Structure formats: structure tokens, C-alpha cells
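See structure below.
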Amino acid sequence: MKKLAVLLWFAVPVLVFGQDKDKFINDLMRKMTLEEKIGQLNLVTGGEATTGSAVSTDVEKKIRSGQVGGIFSLSGPAKVRRAQELAMQSRLKIPLLFGMDVIHGYRTVFPVPLGLAASWDMNLIERSAAIAAEEATADGIAWTFSPMVDICRDPRWGRIAESSGEDPYLGAKIGAAMVRGYQGDGSFKENSTMMACVKHFALYGASEGGRDYNTTDMSRIRMYNEYLPPYKAAIDAGAGSVMASFNEIDGIPATANRWLLTDLLRKEWGFKGLTVSDYTGVNEMIAHGLGDLQAVSAKAIRAGTDMDMVGEGYLNTLGKSVKEGKVTVAEIDAACRRVLAAKYDLGLFKDPFKYCSEERAASRIYTEKTRAFAREAAAKSFVLLKNKNRVLPLKPNQKVAVIGPLVNNKENMGGTWAVSEDRNNSVTLLEGLRNGPAKAEIFTARGANIYSDPQMDANAALFGKTTGRDSRSDREMLDEAVAVARKADVIVAALGESAEMTGEASSRTQINIPDNQVELLKALVATGKPVVLVLFTGRPLTLTWENDNVDALLNIWFAGSEAGNAVADVLYGKVNPSGKLPVTFPRNEGQIPLYYAMKNTGRPHSGNPGFEKFRSNYLDAPNTPLYPFGYGLSYTTFRYSAPVTDRAVITAKEPVTVTVNVSNTGDYDGEEIVQLYIRDVEGSVTRPVKELKDFKKVFIRKGETVKVSFTLDVSDLSYYYSDLKLQAEKGIYEIMTGPDSAETEMVKLELR
Ligand code: BGC
């Protein structure tokens, strides 16, 4: 009874609020002309960062005449206020919605999403989104085009840097954490929260050949089990909007795919929010071969794409399509209602200037607090891939030679999609080491350009960033670097990709460190001094030679505003690295796609070294990766016990606890990410050999042992069958625990 009273107490204000909203929107829509409704569906760009050839024109005039629903890539309270004032001069004074690609931080830049994912730290990731929202909203933004939750198993695709990697379970957790961070409790009462946009719906990370914007083709069962879970999790976490992807699915581009945007998203998943096309995604369907602008615009709105980003296909053709009976007013009403609802939920009708506060802009952006967080997040994203003879951490009295094209390169610290960063703020590696605790003697040289070929260097430097090319010859730079290196006790080689070698339209067929940089590395190794490779990258790279020949390898991804300080923290042992790979690093490109959750085939390789004829493997390389998913070292060492379950049988009513003891057997306190995988060995469909189902990040003091427990229930064992029903099948499951996806120990469990 008491419970019922509590329920009613909550339900009443919600109902009243819901009625208010419906009534408000109904009243408003009764006053709107068809043109004004279509105007609400038009999303234009303010031009601060553009990724397509088309840009918006005559924006001021269009706003005044009610032909614009929202603007993205326009920031700063003054500019946003000015645009909103224009909207207040339109007939119905409907406020504009201001969006932006706030992807991994706003002015204070955090590691690229793939790097953040390597922290496996959901609180940290949620906080990163909350801080990004606090900064962006202070600068006028109410809507971010994030999180990007596309699963990617092909590191040739440059946008893997914007993703959380290859795994649906980890990706789902991260997607939900980001939504919570951006949207807070989802009430948008505070002007420090903003609406999230889950993208790119769907399967964008599965483009053929890893070539951006390319076709995808996939079975439904794979979609449901492996690619859709992160979108669903982000939507279940309350994301207010969804962006359609550029690629096609079952032969129909996502933007016009009714099965995707209406049947799956709205009917099956119950999504109530706003959908938006990607940048000129509507118009691009002309190139896909789906008809002229009027035809593709009609297809998009009828499929369920509410807003048209930049292309103005809706603005210019929907009126005509209604007259000709190709689109109904009801279809336009439905889309318009959802745009208005988003504005209502954000509180923009109450106060169109809610996000325009000069005071907040001056006090909340790029502060001591946000920078301290960026430094912490960066250090937690680093993955130690090798540390022979404990060359790391460095000793304060060692003379260090820091060498490479990115050693002192402010433009390339933030990584891709850091459109709101102030590049001058970035702390470079050299600056970080000079601020370092040791005040060690530091020598430096550039050693190489990113690429030897100037054209390749130019390709690797989009979005107004440069690689800071040096005009000297490769030989001159290399000779200078070797001479500098000889003066030091230890060499820190900072090599890899420039910021824009990953990100949109940055696919590569060869994912190595460019050859000229490897030549430099070879010369540094030949000096006989210990070499620490500090790797800049937004994707898995092929590092076989590097792994065999350098002493230590620290992958720092693109670490953001505080990159240099964080690198110094880790190199000097102030922070013990704890990141683990959210994606597999292959040995060579021919192995791609390579991911841990593979199927077994009927003729699996035995796992022993060497080629096996008539088994599923290659003549010229093993099946195993160079570094598996979940892998990462620490300055300390951990020992795992075998997993133990508290019962041998799991049922719908009785969950099982799996326990593993983890001991810190080394010389440093440290954090460890303990992972749990499962395998169904008696399925009616084939299942991956391993699937991540839980993980815990634990701090363990040196010499201590902690008991790590996981609770598994039937839902953890369930998956989508051929009929696309989610079920758990009775039978035997293997439960595996360990420090990464390759090194696990197993216990069996029966589901009855
Ligand atoms: C990208 C999106 C982005 C949009 C707006 C597109 O090219 O694919 O991820 O949100 O541009 O900048």
C-alpha cells in the first residue's frame, strides 16, 4: 500500500508534465504552416567544422523566416545568442537547437574515445562526458553528436579512433556511461547537461575493406548479437537522439531505411526521441542511386529521419512532395513534433537563452579542475605493451633523449574530432617531460617527418592541422637524432600517426608506423641504448618489428590537452599504467578482420606453434594477434588463481558467483582489470569462442591478494537465436577469467 502511494506521488507530476508538453506542442503545431513545420526539420551548419562539400547559406534570412530548426558548429554565448535572437524575430519565435561534435571533451580535450575505452573505467568515462557537457553548455551548446558506439573490427577504418573498439559488451557499457555523463538525470533542469545523440545508426564500423562510407552487409543474427547492443544500451540509458549512418544496410542507406529507423528503433526498442541524418546524408542517397533530391528526401522522412543535416533536401522538396501526394502531412507532423519535443525537454521554450551565459563561459571552460581531470584520464588510457628488463619507469637521474616528429607538436596532441580545442593549450611530450618530477637532463631532436613523402604528410594533416613538416632531408634529421641519442642514457622515441591519420575519411591500407619513422627507430635501436617507444595512434597498428626490438612500448593513443604531463607521470612512475586494449592489434593487415570473439570453425588450429595443413590458418602467419583484446601490462605483476563457482548449476532463479583471487606479486601498488568471458559449447547456433561478460577494475597494494567476485545470471548467458529471439539455452557453458582475452583459466557451468 505504502508502495502504491509512493508510486502515485511520483506518477502525478510526470503525468501533468507530460500533458503540459503534449498540449503545448499541439497548440503550437496548430499555429504552424506546413513550411514552418518543414523549417523545423532543417539543421544547418555554423561552419566551425565541416566534413562535407556543402555548407549552409543565407542562414540569417532563413532563421528569421522560420526555415531553420537547429544549427551545429556554432559556439560561444555571443554567437549563439545572436542566432537565437534572430529566431525570436521569426513569426512563431520557436527557439533554435544548437549542436556540436563534442566527442572527447570540449575545450579541455580528453583522450580519443578508443583511448578512453582503454581505461575500462566507467566512472571516469561518465565524468569525462559530464565535464565535456559542462564546458560545451557554457559555450552555448545543448546537443552533442556523441556517443559514437559503432563496433569496429577493422583497424583500417580511421573512425575506429572515435569508437570504443571491437567488443559489444564493453561498447554497451561505455555508450550508456557517456549518455549518463552528458544528460545527467535526463531532466535537463541544469544548464550544465545536454542532449546526447547516439551514432552512427547503424553498422557504420563494418564498412567493407575498412574504407570510410563504404557498403556494409551483415546477417541479422550477427547484427543483433555483435553490432546492435551498444546502440541499444545507449538508447536504454535515455539518449535523446539518434543519428543515421552513411552506409547502407540490406541495400538501403540507413537514412532511408524504414526497417532500421522505425521498425527496429521505434517499434522494437521503444525509442521516443529525435532522429537526424548525418552530414548531407539525405542528398548522398542520390549518389547511392536512389533517385533525385525530391525522391531521396521523401524516402528519408518516410523511413523515420526527422532532421536533415545541411543538405536542405527537406526544405527544398518536401512541400512539393506533399502536394504531389508522395509524403503525407502526418509524416511531417510526426518529425516536427519530435524536434519540438526535444526543444521542450531541454527547456528552450521556457528560456531560449538558457545556454547563453558569458559568466559560465568565462568560469567553467578550461579550468584547473578540467585540466587535472584531463591529466588523470590521459594517464589511465595508456596501455603498456612491453617493458623488458623494467626499463620503465625511468629513473630521475637518467639522461633522456626524446626523439620524433610528435615530440613537441601542439597541433597533434588532441587527436581527431577535437573541433573545439585550443591547440595552443596542449601540453606536448617535451613540455611534459620538462615539467616532470625529475628535472632530468633532456635532449631532443625531430628525427623524421610523419611521412617522407610530402603528399602523404599533407593527407595526414586535415582539418587545418599540420604535421609541422621539417624541410631537411630524412638523412639529415636521422643523423642529428642519432647524435643526440648518443648523449643520453635512455631514448624515448615518440613515433606513430599524426592526429588526422585517424578519424573521418582517414582509412589506411597499411597500418604500420610510416617507413621513414621505422628507419629512425632502427637507427636509435642500433645505438645500443635502451629504447622506449611512446606510440601515438588512433587505431591498432602493426608493430611486430617494434615489439621484437624496442625495450618498452607505451601506447598513448591521442591523449588530449594534458598529454605531455600524463606521459611524464607514467614514464616516471608517478602513475602506474593500468589501461588494457579495447581492440585487437593484428600482426599484419592480412589477418584483418581479427578479433577475439571469433567463431571456431570445424577445423580450428590447435593453438600449438606452426602451420597446420587442412586447418583454418594461414601459410605465412599465425592466427594469433600481436596483442590480444584486453591486454595491457603494469609496472607491477599480478598472479591469478583459477576461477571458482559457488554452484555447478545455474537456473533462472539462482545466479552463480564466480570468484578469482588476484595477487599483486610485484614491487608497485597497481590497478588491474580482471576480465570474465563465457562460451556456450552446446548451442543450437555457433557462438564465439570467448565473449566478455563482466570485468572489474581493482586496486591491489603490492604483496596483497584480493578476491574478485562476479555474479552471473541467466541474462548473461542469453543471446539472439536464428529467429532473433533473446534466450538462454540449457546446457554447458565455459566460464573464463584472466588478465586478457588470451590468457584465461576456465571452469564449467551448467544452465538447467
Ligand atoms: C560525421 C558525424 C558528425 C557530422 C557533423 C559527419 O561527417 O560523420 O559523425 O557528427 O559530420 O559534424
Side-chain angles (χ1 to χ4, degrees), residues 42-56 59 69-75 97-106 112-114 129 132 136 141-152 157-164 175 178-179 182 194-207 210-214 216 230-231 234 239-248 253-255 274-285 287-288 300 305-312 415-421 462-464 500 502-507 538:
N42 191 27
L43 178 62
V44 302
T45 173
E48 285 178 10
T50 49
T51 56
S53 47
V55 287
S56 308
V59 172
I71 304 188
F72 72 102
S73 284
L74 183 83
S75 61
L97 182 57
F98 292 91
M100 187 67 125
D101 288 281
V102 183
I103 308 295
H104 50 111
Y106 182 72
V112 288
L114 194 61
I141 311 302
W143 183 25
T144 177
F145 301 141
S146 171
M148 190 276 223
V149 296
D150 306 327
I151 291 297
C152 180
W157 193 51
R159 302 198 78 170
I160 196 169
E162 298 172 54
S163 83
S164 299
M178 301 277 298
V179 170
Y182 290 134
M194 61 183 170
M195 181 167 74
C197 184
V198 182
K199 72 186 189 187
H200 306 84
F201 194 57
L203 320 183
Y204 185 32
S207 58
R211 179 157 56 79
D212 208 359
Y213 315 124
N214 203 6
T216 60
Y231 305 105
S241 66
V242 168
M243 184 186 293
S245 55
F246 285 125
N247 57 281
E248 66 172 62
T255 317
L274 170 68
T275 57
V276 61
S277 79
D278 202 343
Y279 201 109
T280 57
V282 175
N283 313 51
E284 290 176 20
M285 291 192 290
H288 278 278
T305 298
D306 298 331
M307 276 190 124
D308 172 7
M309 190 191 290
V310 181
E312 301 200 335
T416 189
W417 276 119
V419 292
S420 305
E421 80 179 322
L462 300 169
F463 287 119
E500 294 304 336
T502 45
E504 189 166 347
S506 289
S507 299

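Note that this is a predicted model, so its numbers are computed, not measured. The first residue in the sequence is number 1, and the count goes up from there. One-based numbering, in listed order, for ligands and for the atoms of each.
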Would you mind listing which atoms of ligand 1 come within a distance below 4.0 Å of any non-hydrogen atom of [X]?
| X | answer |
| --- | --- |
| Phe72 | 5 (C), 12 (O) |
| Lys199 | 2 (C), 3 (C), 9 (O), 10 (O) |
| Tyr279 | 6 (C), 7 (O), 11 (O) |
| Phe145 | 10 (O) |

Looking at CE of Met148 and CE of Met243, how far apart are the two atoms once the value is rounded to the nearest 0.5 Å?
->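 Those atoms lie 10.5 Å apart.
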Asp306 side, atom CG; Leu43 side, atom CG - distance, nearest 0.5 Å =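 Rounded to the nearest 0.5 Å, the CG-CG separation comes to 11.5 Å.
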Indicate yes or no for a side-chain donor-acceptor contact from Asp150 to the backbone of His200 under 3.5 Å, with no hydrogens or angles considered.
->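 Confirmed, Asp150 side chain pairs with His200 backbone.
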Under the 3.5 angstrom rule, does the side chain of Asn247 hit a backbone N or O of Ala254 as a donor-acceptor pair?
->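 Answer holds: no.
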What is the closest protein heavy atom to [atom], and at what distance does it sit?
| atom | result |
| --- | --- |
| atom 2 (C) of ligand 1 | Asp278 OD1, 3.3 Å |
| atom 10 (O) of ligand 1 | Asp101 OD1, 2.5 Å |
| atom 11 (O) of ligand 1 | Thr51 OG1, 3.1 Å |

Tell me which part of [X] gets within contact of ligand 1: side chain, backbone, both or neither, using heavy atoms under 4.0 Å.
| X | value |
| --- | --- |
| Glu48 | neither |
| Glu162 | neither |
| Met243 | side chain |

Plane angle bin for Tyr213 and Tyr204 - parallel if under 30°, tilted between 30 and 60°, otherwise perpendicular =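 The rings of Tyr204 and Tyr213 lie parallel, inter-plane angle below 30°.
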Are any non-hydrogen side-chain atoms of [X] and [Y] less than 4.5 angstrom apart?
| X | Y | result |
| --- | --- | --- |
| Ser146 | Val102 | no |
| Phe72 | Val276 | no |
| Met309 | Asp278 | yes |

With a 4.0 Å cut-off on heavy atoms, is His200 touching ligand 1?
->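 A heavy atom of His200 does come that close to ligand 1.
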Report yes if Trp417 has an N/O atom closer than 3.5 Å to an N/O atom of ligand 1; otherwise report no.
->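 There is no such contact.
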